[in-house]
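Notes to accompany the following structure.
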Amino acid sequence: MSYTSLKSLASKYTFQPATKLLAKDLNPHAINAKYAVRGPIPTKAEELRAKLAGESHSLPFNKIINANIGNPQQLDQKPLTFYRQVLAILQYPELIYNPALVQTIPKDLIERAKLLLGKIGSVGAYSHSQGIPYVREQVAKFIQKRDGYESDANEIFLTSGASTAVSYLVSILGLGQQTGFLIPIPQYPLYTATLTLNNSKALPYYLKEEEDWSIDSSSLRTIIENAIAEGTIPRCLVIINPGNPTGAILKPDAIANLLALAAEYGLVVIADEVYQENVFKGEFVSVKKILRELQEGDDQGRFSNVQLASLHSTSKGISGECGQRGGYMELVGFHDEVIQQLLKLASISLCPVVTGQALVELMINPPKKGQESYEQFKYESQAIFDSLEQRAASLYAAFNEMTGVSCQEPEGAMYCFPNLTIPQKAVDQAEKSGLEPDEFYCSELLDNTGICAVPGSGFGQVPGSWHVRTTFLAPGTEWIDQWKEFHEMFMKKYA
Ligand SMILES: Cc1ncc(COP(=O)(O)O)c(C=O)c1O
């Protein structure tokens with residue numbers, strides 16, 4: 001029998017309708033979570049972008065410059081050809097049988113695509129929840145080569161970006177308000193947001209701005225001791241290296257001091273190392289490598305129980321493939337029971353994005369010298385690296401020329417986090433507008449130039465200090481000049 005409309009039935013019901021849910025009815029932890037890189041200023045930027053599209057002469061600028069988020073391909077960074085050609089074949093394997101196409105692309109690329117097709121099968125199928133075994137083995141080899149210490153594929157989890165790893169770790173390690181997570185301030189707001197979502201407690205530790213955003217491990221000890229005295233179990237220590245938003249790279253001895261605290265107090269270390277390829281000055285040394293060195297030199301077993309989760313991602317580096325959601329975490333020193341629980345958690349969302357997993361393999365195994373793909377890959381990736389380095393230097397120089405601004409030199413990552421002296425008149429005006437002074441500055445910057453940067457208050461800062469975080473991803477240097485001009489105008493206006 002075919003279906004007949006039930007419109008006539010509606011009038012037979014006599015109940016009073018219940019109301020719709022409002023925000024106040026939702027999970028308060030979700031309501032309280034804040035994520036500044038997509039907060040009010042970026043939202044306003046989107047409104048202005050829509051305005052520009054409609055009536056392009058209505059604003060004092062003709063485009064929005066998104067300096068608010070480390071999203072390179074949103075800002076015209078070209079994807080690496082090698083990655084995309086392999087992914088294209090994984091998406092549509094019939095391409096391999098197209099002779100016209102096969103002649104135009106390097107043989108090693110076709111071979112890589114075939115290898116991955118053999119190991120992965122269809123990218124449209126769910127994979128193992130922990131990630132494709134072959135890719136995990138490759139990640140273990142990559143880590144082994146990077147650090148000079150063994151890595152076990154069974155302890156690698158492929159993830160949909162590093163964010164998913166953070167979410168798994170916080171949800172499994174946090175027991176509500178009685179467990180504390182030591183997070184650097186300033187921090188990437190993923191951490192505070194995920195902690196709020198999980199009703200876990202942040203134990204902020206301040207980075208020392210005037211000393212290249214370094215960490216003072218003695219003040220960390222005080223924070224830990226105070227937390228214990230107040231009945232909080234310090235559970236986890238988050239290290240972001242290279243830093244977001246600071247752009248700083250931690251020195252190996254500083255990492256060793258942090259690991260000593262972790263060993264003494266039983267803190268799980270989350271090492272967020274997504275910017276490990278974005279290094280302009282100094283050297284990136286992984287937390288895992290330092291841990292293994294300490295364990296080797298330790299005949300008392302002091303470092304034996306350290307548990308470390310280190311994270312990496314395809315979103316950063318030179319790939320900048322944020323939208324593909326590739327990443328991994330390596331679990332070092334965890335009890336198998338905990339690993340099994342993490343696996344269960346991963347299995348609830350079935351599997352990480354499969355093309356993202358393939359991209360992890362491409363990121364850690366770039367074309368080798370002598371292979372046909374090598375020259376183009378090298379050329380493209382070097383160009384991306386060089387332009388990031390140049391823009392980091394231009395931005396750093398520009399900030400330090402601005403009145404009342406000081407900026408630490410970015411050693412890595414994709415960001416500058418300059419310190420602003422905001423004139424009292426501007427602070428008063430901000431208060432009238434219900435904004436933090438740095439939010440007011442960013443709002444004025446956006447209104448006058450179209451540059452969308454994020455106030456330091458979204459990342460945390462020493463009370464009474466004001467910062468702004470900008471990426472150095474936007475192409476060209478014109479926008480940097482515009483920023484300089486705006487800044488001097490702002491300082492004069494509110495002097
Ligand atoms: C320090 C840090 N960790 C993690 C992430 C999350 O990256 P994804 O989830 O795209 O891998 C970001 C993104 O900007 C970041 O800056």
Side-chain angles (χ1 to χ4, degrees), residues 33 35-39 42 66-75 77 79 131 139 156-171 181 183-195 197 207 213 215 236-250 269-279 284 286-287 309-330 346 349 352-353 355-357 359-360 362-364 388 392 410-417 452-454 456 458-460 469-473:
Y35 187 62
V37 290
R38 296 218 191 244
N66 279 98
N68 57 308
I69 190 161
N71 192 7
Q73 294 189 23
Q74 182 192 34
L75 292 162
Q77 180 177 302
V139 170
I156 308 285
F157 278 64
L158 299 179
T159 56
S160 295
S163 308
T164 305
V166 172
S167 156
Y168 289 163
L169 291 164
V170 172
S171 63
F181 288 65
I183 52 163
I185 295 293
Q187 51 104 34
Y188 172 55
L190 167 67
Y191 288 94
T192 35
T194 313
L195 288 173
L197 273 178
L207 304 175
W213 297 108
I215 299 175
C236 202
L237 168 61
V238 175
I239 303 174
I240 308 177
N241 184 43
N244 175 8
T246 61
I249 297 181
L250 289 175
V269 179
I270 299 182
D272 183 331
E273 299 176 327
V274 299
Y275 296 102
Q276 60 189 271
E277 282 183 75
N278 301 97
V279 175
F284 164 80
S286 75
V287 174
S310 55
L311 321 181
H312 196 8
S313 169
T314 58
S315 301
K316 312 298 169 182
I318 35 126
S319 38
E321 292 277 11
C322 300
Q324 310 269 8
R325 312 308 296 136
Y328 74 76
M329 71 175 161
E330 183 187 24
S349 41
V353 178
T355 41
Q357 298 184 54
L359 198 53
V360 169
L362 300 175
M363 172 180 79
I364 57 176
L388 282 175
E411 298 168 323
M414 298 177 168
Y415 314 98
C416 285
F417 197 60
C452 173
V454 193
F459 299 82
R469 193 203 72 167
T470 173
T471 71
F472 36 76
L473 295 168

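Each ligand, and each atom within it, is numbered from 1 in the order the structure gives. Every heavy atom of this structure was used, including side-chain atoms; hydrogens, water molecules and symmetry mates were not.
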Practice problem: Give me the one residue out of I69, N66, L388, N71 that meets side-chain contact (heavy atoms from CB on, under 4.5 Å) with L473. | Solution: L388
Practice problem: Could I get the full list of ring pair (Phe, Tyr, Trp, His ring centres under 6.0 Å) partners for Y191, not counting sequence neighbours? | Solution: none
Practice problem: State whether the side chain of S160 and the backbone N or O of V353 hold a donor-acceptor pair below 3.5 Å, judged by distance alone. | Solution: yes
Exercise. Sequence neighbours left out, what passes salt bridge (Lys or Arg N to Asp or Glu O under 4.0 Å) with E273? Give chain and number order.
Key: none
Quiz item: Does a side-chain heavy-atom distance below 4.5 Å link T192 with Q187?
Solution: yes
Quiz item: Under a 4.0 Å heavy-atom cut-off, which residues neighbour ligand 1?
Solution: G161, A162, S163, Y188, I240, N244, D272, V274, Y275, S313, S315, K316, R325, Y415
Exercise. Quick one: list whatever passes side-chain hydrogen bond (donor to acceptor under 3.5 Å, both in side chains) with S313, sequence neighbours left out.
Key: S315
